[in-house]
There are 4 protein chains.
Amino acid sequence: MKRKIMETGILLFDKNGFKSTSVQDIVQELGVTKGTFYYYFSSKEELLKEIHLLYIESIIKQQEEIMNNPFYDFAKKLHEIILMQISTIRIELRSARIFTREMRHLSRDNFLEIKEKRSAFRHNVQKLIEEGITQGILQKGRADIITMAILGMTNWSYYWFSPEGEVPEEKVADIFLDLILNGISNDSVYTPNI
Amino acid sequence: MKRKIMETGILLFDKNGFKSTSVQDIVQELGVTKGTFYYYFSSKEELLKEIHLLYIESIIKQQEEIMNNPFYDFAKKLHEIILMQISTIRIELRSARIFTREMRHLSRDNFLEIKEKRSAFRHNVQKLIEEGITQGILQKGRADIITMAILGMTNWSYYWFSPEGEVPEEKVADIFLDLILNGISNDSVYTPNI
Amino acid sequence: MKRKIMETGILLFDKNGFKSTSVQDIVQELGVTKGTFYYYFSSKEELLKEIHLLYIESIIKQQEEIMNNPFYDFAKKLHEIILMQISTIRIELRSARIFTREMRHLSRDNFLEIKEKRSAFRHNVQKLIEEGITQGILQKGRADIITMAILGMTNWSYYWFSPEGEVPEEKVADIFLDLILNGISNDSVYTPNI
Amino acid sequence: MKRKIMETGILLFDKNGFKSTSVQDIVQELGVTKGTFYYYFSSKEELLKEIHLLYIESIIKQQEEIMNNPFYDFAKKLHEIILMQISTIRIELRSARIFTREMRHLSRDNFLEIKEKRSAFRHNVQKLIEEGITQGILQKGRADIITMAILGMTNWSYYWFSPEGEVPEEKVADIFLDLILNGISNDSVYTPNI
DNA sequence: TATGAATGAGCCTTCATTCAT
DNA sequence: TATGAATGAAGGCTCATTCAT
């Protein structure tokens, strides 16, 4: 039952937003009563928090498996991390969207707890970029801003990518990775602001 | 007064979200009463709609000025469009965030009206990419997905870029443009998935 | 309207208790809606607080007028204060009962504010007793416990005295005063615990 | 277990009131579940009723032992009854307070049952006063109102007397009895309202 | 142009109680 | 004897909106 409530919560929070989804909406969908909801969750916010935790802990775990894989070189790691995020869409699209949109509705304590894990995820990506620079594979540059550019691409994909569309997720990951590493210009002569 | 209501609405919708901001919150901030609000706006949603329109029409207008500037070549246009979006942060950060987060709270008709303009903006970027390809400046590829990657970078910047930070917006735009055109790898030999 | 809400609140809080009286009960009695209630009071507790304040400030004011009356001697003052409390029944019986029964439902801050005024009332009575002792009118003794005995008599009367009964309030006040000053035994020879 | 539930009920009903104490509060305090509660009591009200009965039957029994003691004269009886009530504080303070405050939450039938016993207690006191008058020990007067004055003193003591304070209960009983019999004025010449 | 009073629907949450196990 | 899951009614409170002035 708890799992069913979470699934329905994810569905409705994504569709209508946390604030616009009432506990009534959730239990009605499940054919149970409000009392049941509060038997499993102490508040609507707790449900939101558990949804956040489930998601962030899942992708942090995947990320760490990639980072710690001794058979992966730098490029493979970057590719896998980007692919992982895009692939996540297929099974956790809704959670991912809730994650980026509804975090502000967590209370201060829960907010900070989630924010910390979110930062950890970002730092791991940034660390990877910095390693690439150290190894001479990447150009020197602002690793922090590059990181944000990459996360921007992947996070934004939750709002347009459709697993049912004509382009499969692997293809999107390839395009992203190629863009990030090589750019899209035909030669390398262009220098901005000249 | 109408302008002041809009400004306060932007402030609060951004800070707390559309659903979590009550008409009471807005008028209280201004020291007027609810009656006043409803004299200028027929509903809370209408305020949201006007905020959306003000923003999207402003950036569409800027975009078109760039696109139609006969003195700009392709690269300059791309640079200017990216810079324009980042620069917007300084004066319209809040509107931009509301734009990406609260659109779902518009009623069907208003939603469609805004969505159309939003698509127009995206299509203009995509058209620019396609021109670049046609002109041989860019490599052949999925212009649509490249467009989403670019929009992802810029839209995401609303959630981390701070005009008060150490990196100025022009620098961010340069980094983004360089990433998009040339990538970040040290050479061009890398080919993913081989 | 605010006054009407207070009157109804006094009626129902006395009859059924603060906790057992819902805001719905109050507004239903008045034929208005809950919104109206919350237009005048920020919470149910605030109504309770205002009821407390109205009562305690009223009797403190009366008490001070008696205490400061230069034409009253000690005995007259004591008589008037006891009579005042009994007389209050006729118009503020319900408030008086709420006062002694529902105070615990005030939040900490409101509780302390009311408690302070309540103590002031008690201290004034005790001060009067101490004056009587100093002036040689009363026997020496524990003024504090005597005070509690007197307050017990008068406060308890709220639970049995009926203004419609055969004994008028002045008569009750006389009996109380006589009991306090002279006791009920036929002579003064009795000494307890011998 | 039943006894433990009653003890906890007494504790919490006194501390927070009947209405503000949930069955959940009680079983939580005991580390058991709601099912257990309903195994021993058919409803929350039944617990309240048993608490009332336990208390009132206990003090009625004590009262009757005093009244029927052939070695006690009138004054001794009055003294013992007052002392008994004050002494009760030490072991049954909470029950006594619940008794005077929560009776209204009993259903009609239970209410009447308890009320009858309560009246019996009061009538016994009044009968004692009347006997004193008949025997010429007390002045003629309204025995009913005198009774209420005495009960007021003793009942009120539940709200201020502390067994840990500097004045022991025997001393309080002595002061009360002396006040009732002899009054507190230094002579007997005072006549009110002249 | 602006106010202030009122509405009514809906929201989150609590809680006494039931019942199969 | 005791548990754990579930119910359903009610409670306090919020809020977008209306309307006479």
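Values in this document were obtained by computation on a predicted structure and should not be read as measured data. Below, chain A is the first sequence line, B the second, and so on; all start at residue 1.
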Query raised in the report: In terms of the angle between their ring planes, are D:His52 and D:Phe99 parallel, tilted or perpendicular, with boundaries placed at 30° and 60°?
Result: tilted
Query raised in the report: NA contact type, C:Phe41, heavy-atom cut-off 4.0 Å: base, sugar-phosphate, or nothing?
Result: nothing
Query raised in the report: Between atom NE2 in A:His105 and atom C1' in E:dC12, what is the gap in whole Å?
Result: 14 Å
Query raised in the report: Is C:Lys61 salt-bridged to C:Glu57, going by a charged N under 4.0 Å from an acidic O?
Result: no
Report task. Scan D:Ile60, D:Ile59, D:Thr100 and name whichever one has a side chain to side chain contact (heavy atoms under 4.5 Å, CB included) with D:Arg118. Result -> D:Thr100
Query raised in the report: Looking at B:Glu102 and B:Lys44, does any basic side-chain N land under 4.0 Å from a carboxylate oxygen?
Result: no
**Report entry** Between C1' of F:dG11 and CG of C:Leu12, the distance in whole Å
**Finding:** 15 Å
Query raised in the report: Picking from E:dT17, F:dT17, E:dA16, which would you name as closest to the side chain of D:Ser22?
Result: E:dA16
Query raised in the report: Are A:Arg3 and A:Glu7 within salt-bridge range, i.e. N to O under 4.0 Å?
Result: yes
**Report entry** Base E:dT7 to side chain C:Lys34, donor-acceptor N/O within 3.5 Å cut-off
**Finding:** no
Query - For atom CD of B:Gln24 and atom C1' of E:dG4, their distance in whole Å - result: 11 Å
Report task. Round to the nearest Å and state the distance from A:Gln28 atom CD to E:dC11 atom C1'. Result -> 14 Å
Query raised in the report: Below 4.0 angstrom from OP1 or OP2 of F:dT14, is there any side-chain N or O of C:Tyr38?
Result: no
**Report entry** Residue B:Tyr40, side-chain heavy atoms: nucleotide from F:dA16, E:dT1, F:dG8 that is nearest
**Finding:** E:dT1
Report summary line: When B:Thr36 and C:Met1 are each assigned the nearest nucleotide of DNA chain E, the 5'-most assignment goes to B:Thr36
Query - Counter-base of F:dT21, judged by Watson-Crick or G-U geometry with both distances under 3.5 Å - result: E:dA2
Query - Integer-rounded Å distance: F:dA16 P and B:Lys49 NZ - result: 19 Å
Query raised in the report: Can you check the C:Leu30 CG to E:dA6 P distance for me, whole Å?
Result: 11 Å
Query raised in the report: Over how many whole Å does the gap from C:Glu45 atom CD to F:dC13 atom C1' extend?
Result: 14 Å
Requested in this report: For A:Phe37 and for C:Ser20, find the nucleotide of DNA chain F with the closest heavy atom, then tell me which residue's nucleotide is more 5'.
Outcome: A:Phe37
Requested in this report: Mind calculating the distance between NZ (A:Lys2) and P (F:dA6) to the nearest angstrom?
Outcome: 13 Å
Report task. Starting from the 5' end of DNA chain E, give me the residue, B:Tyr39 or D:Lys44, whose nearest nucleotide shows up first. Result -> B:Tyr39
Requested in this report: Map A:Gly31 and C:Lys19 onto DNA chain F by nearest heavy atom, then report which one ends up closer to the 5' terminus.
Outcome: A:Gly31
Report summary line: Closest of F:dT3, E:dT13, E:dT3 to the D:Val32 side chain is F:dT3
